[in-house]
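To find a chain, count down the sequence lines: A is the first, B the second, and so on, and within it residues start at 1. Worth saying up front: this structure is predicted, and the values here are computed from it rather than measured. Any value given below was found using the heavy atoms of this structure, including those in side chains, with hydrogens, waters and symmetry copies removed.
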Amino acid sequence: MSMVFYNTLTRKKEAFIPLEKGVVKMYTCGPTVYNHAHIGNFRAYIFEDQLKRYLKYKGFSVTQVMNITDVDDKIIRNCSEKKMPLEEYTRPFKESFFKDLDILNIDKAEVFPAATKHIGDMVKLIQSLLDKGLAYRTDDGNIFFKITAFPRYGRLQNLNPENLRSGGRVENDEYEKESVHDFALWKAWKPEDGEVCWNTPLGKGRPGWHIECSAMSMKYLGETFDIHTGGVDNIFPHHENEIAQSEGATGKPFARYWLHCEHLLWDGEKMSKSLGNMMYIRGLTDKGYSPTAIRYALLSTHYRQKLNFSLTLLDQSEKSLKRVDDFLFELDQIHKEGPVHEMVKKEVDRMLGKFEDAMDDDLNISPALASVFEMIRRINRIKTDVPITDGDKESILAALKKVDQVLGVIFSGNHQKSAELSDESIEARIAERDEARKNRDWARADVIRDELLKAGIELIDRKEGTTFRRK
RNA sequence: GGUGACGUACCCAAGUGGCUAAGGGGGAGGUCUGCAAAACCUUUAUUCGCCGGUUCGAAUCCGGCCGUCACCUCCA
């Protein structure tokens, strides 16, 4: 009945109890709009979508906040290279992000705060860290968080600050800070930043990366809220720093449950620009894969498991979904009055029970999906000796609609169906073919069948007559 | 160097002390059909990377080894 989630903070599965009964407040790290989001990014957004949809399924009222990072080092660099204003540079990436969310049938967050619209909130937060002695300003005007002043630093990833490797990227950092591990809250304006800067009480400059999530999450969800999610790569340093900034400023616990999504791999390796193996939603739909199959492929592996994405996986996903589609098609052909059979009801309840038990257990998607396929097979078996009634049909459809509130791939999918021919004209062609078949004119009958197939209409010959299906 | 995850059939993937090792894809057989197609049904791992140990009993717990992957300052 009750849900458990694996909490990165404690490294354990814990019963989920929101701060306020029946209400869940969650924050998800959203995109940095310096490029199009790739399928690896979307794996995380799909996970968050599953989480949110399941919470709603369980009756919670959910407020989700997803940030849009529209100012950061990469964006500024690209803007100045292209000599474009920030807004103009990020706009197309924002648009494509929202378009892809729609394509993948992802439930939208209630709030999508943009970093550039919340500079004031960040400045206030930084100010309070300065006041509390948790941050310091260097001669060049930058402001850093002093991690030695926050003893709990490092607990999210079990990292001992002493053991942090001082790698190349740190050395490249030209800012003068007290400790290499201190991170920037505020970056003073430099000529390379061009037009990108804000004049604030902290000086002329721009915020560091981590501060936006602290400022915006607390603004919309409160100083302490229920769930914070992101990819595993965000655990350190991003989420670690968020905790330090937020708890340092408020003295209160920040997020209560931290859920992290594993990476998606392509050919067994992390997708990255340097490996040249980036894959985007658009690239997959251009290859002819349906958005529903992409969604299915992204959600069908448990979120804490690495997902080895491939075109083979997409092919398999298309076929798995087709099995469900076929079942619905067959169900749609049924027109027989009568109430639901006891044995059908039993299978439906069995599916719903297994689905919930699985999802309650840290969103264990595999058994949850298995419950759907198992019901399909069992109902098909029943159908071979007991005629299914309209009552059965209703009961089955209601249950599938229920689980699809979470899955979003059964009814809500974007199946492309051929619509060239009207039902009437297809029926006429079928009648024509029936006539030919009656006359044993197989050649003529097969020509009609082939023509319809080319138009995306598949004929199905049954005992009761020929029916058709759009592909 | 530090931290962590993983290794289950041809492929993807559940199961984490004991009933028949889920489910999907693929393969093989069958039902239906004028022939097909589609669909549906059945079937497909005496065995869980390897080697030891604990236990009445291990894929599951412990130890070692091998292999893959990730994180360690701005990547979901």
Side-chain angles (χ1 to χ4, degrees), chain A residues 11 28-32 37-48 69 72-74 147 154 157-170 172-173 180-184 208-210 229-238 240-241 260-265 268-274 296-297 300-302 304-310 312-313 315-324 326-327 329-330 333 354 358 364-374 376-377 380-381 383-384 437 440-442 445-446 449-450 453 458-463 467-469 471:
Chain A
R11 268 154 247 285
T28 24
C29 281
T32 300
H38 55 74
I39 53 167
N41 299 125
F42 281 103
R43 194 224 177 161
Y45 306 139
I46 290 272
F47 146 63
E48 287 144 4
T69 300
D72 87 324
D73 290 356
K74 287 186 288 280
I147 65 167
Q157 206 193 3
N158 221 9
L159 269 175
N160 181 346
E162 309 288 313
N163 286 337
L164 291 176
R165 187 166 62 180
S166 305
R169 279 192 279 193
V170 182
N172 289 340
D173 208 329
V180 284
H181 306 310
D182 288 349
F183 58 92
W209 175 44
H210 313 291
T229 67
V232 284
D233 53 339
N234 274 336
I235 295 174
F236 190 88
H238 185 51
E240 197 71 67
N241 293 352
H260 291 99
C261 180
E262 250 301 345
H263 274 138
L264 172 151
L265 307 176
E269 282 183 308
K270 183 174 159 175
M271 274 198 306
S272 73
K273 277 219 175 107
S274 51
Y296 185 90
S300 58
T301 295
H302 184 77
R304 283 192 290 115
Q305 188 76 26
K306 286 179 187 68
L307 166 62
N308 195 359
F309 202 84
S310 64
T312 314
L313 179 69
D315 287 328
Q316 294 187 354
S317 300
E318 294 276 14
K319 283 170 178 155
S320 300
L321 285 170
K322 184 164 186 307
R323 181 158 166 82
V324 182
D326 289 336
F327 179 74
F329 175 76
E330 295 297 333
Q333 307 284 300
K354 286 186 104 173
N364 197 354
I365 191 72
S366 293
L369 287 172
S371 76
V372 174
F373 289 104
E374 209 171 288
I376 289 175
R377 182 162 34 75
N380 277 333
R381 217 182 280 161
K383 264 190 346 196
T384 58
R437 292 174 79 202
R440 306 183 72 79
D441 182 357
W442 310 126
D446 290 350
R449 182 168 66 192
D450 289 348
L453 192 61
E458 183 174 63
L459 295 188
I460 301 149
D461 291 328
R462 298 173 196 268
K463 273 200 213 77
T467 172
F468 69 91
R469 186 174 174 176
K471 290 183 96 171

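Taking only side-chain atoms of A:W442, from C-beta outward, the nucleotide of B:A39, B:A76, B:G34 with the closest atom is B:G34.
An aromatic stacking contact between A:F42 and the base of B:A76 is absent, as defined here by ring centres under 5.5 Å apart and ring planes under 30° from parallel.
A salt bridge does not link A:K383 to A:E330: none of the charged side-chain nitrogens sits closer than 4.0 Å to a carboxylate oxygen. Ionic pairing of A:R449 and A:D446 is present here: one or more N-O contacts between side-chain nitrogen and carboxylate oxygen are shorter than 4.0 angstrom.
Heavy atoms only, all atoms of each residue included: A:P31 and A:Y45 are closest at N-OH, 3.2 Å. For the pair A:H263 and A:R43, the tightest heavy-atom approach, listed with the atom from each and the gap, is O-NH1, 3.2 Å.
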**Study point:** Sequence-aligned protein contact record of nucleotides 11-18 of chain B, with B where the base is within under 4.0 Å of a protein heavy atom and S where only the sugar-phosphate is
**Key:** BSSSS---

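Heavy atoms of A:R462 sit nowhere under 4.0 angstrom from any nucleic acid atom. A:L453 comes within 4.0 angstrom of nothing in the nucleic acid, heavy atoms only. Residue-level contact check: A:R377 touches the backbone only, with heavy atoms under 4.0 Å from sugar-phosphate atoms and none from bases.
Side-chain nitrogen and oxygen atoms of A:R381 include at least one within less than 4.0 Å of the OP1 or OP2 phosphate oxygen of B:U42. Between A:N234 and B:A76, a side-chain N or O to OP1/OP2 separation shorter than 4.0 Å is absent.
Tested against A:L264 for a side-chain contact (heavy atoms from CB on, under 4.5 Å), the candidates A:L307, A:T301, A:N308 yield a single pass: A:L307.
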Practice item. Start with the C-alpha distance between A:K319 and A:D315, add both sets of side-chain angles, then the distance that settles salt bridge (Lys or Arg N to Asp or Glu O under 4.0 Å), and finish with yes or no. Key: CA-CA 6 Å; A:K319 283 170 178 155; A:D315 287 328; over 6 Å; no

